[in-house]
Amino acid sequence: MQALKGYVECTYKCHVKTKTGLATLLDTSMCHYEKCDNTKAVSMLRSFIHLAEKMKVCKQISADEADYMVREAKKIIDQIEAN
């Protein structure tokens, strides 16, 4: 999750509000995960995926970037749900 957040904050080039929205969802998800509230952590990651896909449709982020972020978030969800 930290690696995905680093990508959003440092590598990814987009509108500041989009970047902040995505990073905030990851932060919130990490907080829930650290408190062992996996249900809320997964919920925040699903919101992250929804926002990334919405921004792709609106052409705020490229399809490749959105697909990468969605793919990574889904991997994290799978890891959380496996535990």
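FYI, the numbering just counts along the sequence from 1. As the structure is a computational prediction, the values presented were derived from the model and not from experiment.
Looking at heavy atoms from C-beta onward, Leu25 lies out of side-chain contact with Lys5 at the 4.5 angstrom threshold. Counting heavy atoms from C-beta outward, Lys40 and Lys35 have side chains that stay 4.5 Å or more apart.
Look at Lys75 and Glu72 and you find a salt bridge, because one of the NZ, NE, NH1 or NH2 atoms lies within 4.0 Å of a carboxylate O, short of that distance. With salt bridges taken as basic N to acidic carboxylate O contacts below 4.0 Å, one links Glu81 and Arg46.
Separation of atoms CD (Gln2) and CE (Met30) is listed at 4.5 Å; rounding is to 0.5 Å. Here the CE-OG1 distance, from Met44 to Thr24, works out to 11.0 Å after rounding to the nearest 0.5 Å. In this structure, the separation between NZ on Lys56 and CG on Asp64 is 9.0 Å, given to the nearest 0.5 Å. Rounding to the nearest 0.5 Å gives a distance of 12.0 Å between CZ of Phe48 and OG1 of Thr28. Distance CD/Gln60 to CG/Leu22: 10.5 Å, rounded to 0.5 Å. How far NE2 of His50 is from CE of Met55: 8.5 Å, rounded to the nearest 0.5 Å.
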Stepwise side chain to side chain contact (heavy atoms under 4.5 Å, CB included) test for Thr18 and Leu51: CA-CA 9 Å; Thr18 301; Leu51 179 58; 5.6 Å; no
Criterion side chain to side chain contact (heavy atoms under 4.5 Å, CB included) on Ile76 and Tyr33, from CA distance to verdict: CA-CA 11 Å; Ile76 296 165; Tyr33 181 73; over 6 Å; no
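Shown are Leu45, Asn38, Val42, Asp37; of these, the side-chain contact (heavy atoms from CB on, under 4.5 Å) with Ser29 is made only by Leu45.
Considering all non-hydrogen atoms of both residues, Ala52 and Ala66 come closest at O-CB, 3.8 Å. Across every non-hydrogen atom of Val8 and Ala23, the tightest pair is CG1-N, 4.1 Å. Considering all non-hydrogen atoms of both residues, Glu65 and Tyr7 come closest at CG-OH, 3.4 Å.
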